[in-house]
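Nothing here was measured: the structure is a model prediction, and the numbers come from that model. Throughout, numbering of the chain's residues begins at 1 and tracks the sequence.
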Amino acid sequence: MLISWNVTKVCNLYCKHCYRSSGPDAPTDRELTTEEGKQLLSEIRKAGFRLVILSGGEPLMREDLFELIAYASSLGLRTALGSNGTLITKDVAVRLKAAGLAGAAISLDSHDPSFHNDFRNRYDAWEKAIEGIRRCQEAELDVQINMTLSEDNASHFSAVADLAEELNVRALHPFFLVPTGRGTAIEDDMLRQLRYFDVLRAVLDRGKKSRLDIKPTCAPQFLPMARDMELPMRYTRGCLAGLSYCCILPDGEVHICPYLPVKAGSVREAPFDEIWRDSEVFNQLRDYSGYGGACGSCSDIGLCGGCRARAYRYHNGDYMAEEPWCYKIRTGTSPLTEEEPRQACPSPRPAKENKR
């Protein structure tokens, strides 16, 4: 069980796709205080969670981050950092390790510095991210690379995997773009339908041959595909939202996931462990009989779950609706075959060719 806590909306970058619409001028007046944060961590531990991902915004913009990591460690929680990597100097990495941090997931969206820098809206973001990776490794922190995948950089995935192996990181997690926050402005770049499955297949193929832990994220169909490809099954479900994962916003609101703006409760109104146990939203997600459309009748619902954020986006806020890009559930055909689907799920906007 793992949880993401967006500890702040403040960020030193202004990335094009940011799901939290973060930036240097984001407000801080509603953020949980240090004491509220410690109380939240205690409640997270009481609810049975073991891994807390501290992200943002950029979590290193929060002055009490080291104190929060140390407190989480004292509770027996394992903590990881979700960061753009640009602020991780040698001293910062050493302090993170001393506080008890287990590892860091650092964003790297291309092997090409110019692409990454343009995407992240900073001229030296790529170089600083690489430096952050190396500083974490020197401090003996586990490092994972997170790559946001879209039409613009899907062709870069293999080169990023090569770079990840060269850097000797532990894992590479490609995040399939979900249009939320500022990501709605680049919605046309999202991978859809057959193209989505083509790229997902390529990611799984690379994972089969790589020493890296390569896990597609926001692409829950990867688990049925991995089964059909007879790949090792290390994970239990494609979409974990509401079952063994959720997200806490900077102001204490509890959401299904970072990409889905549905409130399950607020830790300023009730203890997190009670929200996790009793929330109607979470209990809906745990009842597979309540899933709508083709997802509800799919034999893989327990293994996949469909992307609830995409269902919300393309079905008028109905997060229990069917997954919009999965043609397997509409046609009965496997995405591993060469057969074209008889009826593809309609796109709200046409898919576009690769631009790079």
| message | Rounded at 0.5 Å granularity, tell me how far CG in L77 sits from CG in L2. | response | 12.0 Å
| Got L13 and N121 here, is their nearest side-chain heavy-atom distance under 4.5 Å? | no
| note | In terms of heavy-atom contacts, C18 and S22 come closest through SG-N, 3.3 Å
| remark: Here the pair of heavy atoms bringing A161 nearest to R206 is CB-CZ, 3.5 Å
| task | Return yes if some donor-acceptor pair links the side-chain N/O of H173 with the main-chain N/O of N146 below 3.5 Å, else return no. | result | no
| said: For the backbone of C218 and the side chain of R310, can you confirm whether one donor and one acceptor N or O come within less than 3.5 Å of each other? | reply: yes
| Are the side chain of E322 and the backbone of G292 linked by a donor-acceptor contact shorter than 3.5 Å? | no
| message | Quick one, R211 with N168, criterion side-chain contact (heavy atoms from CB on, under 4.5 Å). Give me CA distance, side-chain angles, the key distance, then yes/no. | response | CA-CA 10 Å; R211 64 162 186 79; N168 200 33; 3.1 Å; yes
| request: State, yes or no, whether a side-chain contact exists between R313 and V178 at a heavy-atom distance under 4.5 Å. | output: no
| query | Is it true that E131 and R134 have a side-chain N and a carboxylate O under 4.0 angstrom from each other? | reply | no
| query | Are side-chain heavy atoms of N12 and R122 found at a separation under 4.5 Å? | reply | yes
| task | Please name the pair of heavy atoms, one in A72 and one in T79, separated by the smallest distance, quoted to 0.1 Å. | result | CB-CG2, 3.5 Å
| said: For the backbone of G302 and the side chain of R237, can you confirm whether one donor and one acceptor N or O come within less than 3.5 Å of each other? | reply: yes
| Do L249 and L32 sit in the same hydrophobic cluster, where Ile, Leu, Val, Met, Phe, Trp and Tyr count as joined when their side-chain heavy atoms come under 4.5 Å apart? | no
| Sub-3.5 Å donor-acceptor pair from the side chain of N153 to the main-chain atoms of S150, do we have one? | yes
| task | Apply the test side chain to side chain donor-acceptor pair (under 3.5 Å) to residues S83 and E58: give CA-CA distance (whole Å), side-chain angles for both, the deciding distance (0.1 Å), then the verdict. | result | CA-CA 6 Å; S83 171; E58 171 51 54; 3.1 Å; yes
| request: Indicate yes or no: does D198 engage R195 in a salt bridge with an N to O separation below 4.0 Å. | output: no
| remark: Smallest heavy-atom separation, R268 atom then E36 atom, equals NH2-OE1, 2.9 Å
| task | Could you note down all residue pairs passing salt bridge (charged side-chain N to carboxylate O under 4.0 Å, His left out) where residues 90-105 supplies at least one of them, sequence neighbours left out? | result | none
| message | Check this for me: D287, atom CG, are more than 12 non-hydrogen atoms of other residues, nucleotides or ligands nearer than 6.0 Å? | response | yes
| task | In sequence, state the C-alpha distance, the side-chain angles, and the governing distance for T8 and L65, and then conclude on side-chain contact (heavy atoms from CB on, under 4.5 Å). | result | CA-CA 10 Å; T8 184; L65 181 69; over 6 Å; no
| message | Return the CD1 to CD distance between I133 and E138, rounded to the nearest 0.5 Å. | response | 12.0 Å
| side-chain contact (heavy atoms from CB on, under 4.5 Å) between E127 and I130: does it pass, once the steps are laid out? | CA-CA 5 Å; E127 292 81 0; I130 295 294; 5.9 Å; no
| message | L191 vs L177, test: side-chain contact (heavy atoms from CB on, under 4.5 Å). Steps then yes/no. | response | CA-CA 7 Å; L191 295 160; L177 176 67; over 6 Å; no
| Are S42 and Y71 close enough that some pair of their side-chain heavy atoms sits under 4.5 Å apart? | yes
| query | What class does the angle between the rings of Y235 and F222 fall in, given that below 30° is parallel, 30 to 60° is tilted and above 60° is perpendicular? | reply | perpendicular
| If you measure only the distance, is there a donor-acceptor pair under 3.5 Å linking the side chains of S210 and E165? | yes
| task | Considering non-hydrogen atoms only, spot the tightest contact between I275 and V267 and give its length. | result | CD1-N, 4.0 Å
| message | Is the shortest side-chain heavy-atom distance between W5 and L68 below 4.5 Å? | response | yes
| field | Intermediate values then yes/no, side chain to side chain donor-acceptor pair (under 3.5 Å), E43 and Q39 | value | CA-CA 6 Å; E43 293 165 3; Q39 180 64 33; 3.0 Å; yes
| Is any side-chain heavy atom of R308 less than 4.5 Å from a side-chain heavy atom of Y291? | yes
| said: Is there a path of hydrophobic side-chain contacts, each under 4.5 Å between heavy atoms of I/L/V/M/F/W/Y residues, joining I301 to V281? | reply: yes
| request: Over 60° means perpendicular and under 30° means parallel, so classify the ring planes of F119 and F115, tilted if in between. | output: parallel
| task | Check the hydrophobic clustering (I, L, V, M, F, W, Y; side-chain heavy atoms under 4.5 Å; chains of links allowed) and say if Y245 and L260 are grouped together. | result | no
| request: Kindly say whether L167 contributes a backbone atom to a donor-acceptor pair with the side chain of Q137 at under 3.5 angstrom? | output: yes
| task | Indicate, with yes or no, if the rings of F272 and F49 have centres closer together than 6.0 Å. | result | yes
| query | Are the side chain of N117 and the backbone N or O of A125 linked by a donor-acceptor pair below 3.5 Å? | reply | yes
| query | Quick one: is the NZ or CZ of R45 closer than 6.0 Å to the six-membered ring centre of W276, and within 45° of its axis? | reply | no
| query | Any chain of hydrophobic side-chain contacts (each under 4.5 Å) joining L240 to M320? | reply | no
| message | Measuring only between side-chain heavy atoms, which start at C-beta, is L141 closer than 4.5 Å to R170? | response | no
| message | Could you check whether K16 pairs with D189 (Lys NZ or Arg NE/NH1/NH2 to Asp/Glu carboxylate O, under 4.0 Å)? | response | no
| said: Rounded at 0.5 Å granularity, tell me how far NZ in K209 sits from CD1 in I214. | reply: 9.5 Å
| message | For K263, is the NZ atom crowded, meaning more than 12 foreign heavy atoms sit under 6.0 Å from it? | response | yes
| request: List the atom of R62, the atom of D64, and the distance in Å for their closest heavy-atom pair. | output: NE-OD1, 2.6 Å
| Do the side chains of C304 and L223 get nearer than 4.5 Å, heavy atoms only? | no
| field | Heavy-atom donor-acceptor pair, R50 side chain to G48 backbone, under 3.5 Å | value | yes
| For K128, does the NZ atom sit with more than 12 other heavy atoms under 6.0 Å from it, leaving out its own atoms? | no
| query | Hey, quick one: are W325 and Y259 part of the same hydrophobic cluster, counting side-chain heavy atoms closer than 4.5 Å, chains of contacts allowed? | reply | no
| task | Could you tell me whether R182 sits above the aromatic face of Y14, with NZ or CZ closer than 6.0 angstrom to the six-membered ring centre and within 45 degrees of the axis? | result | yes
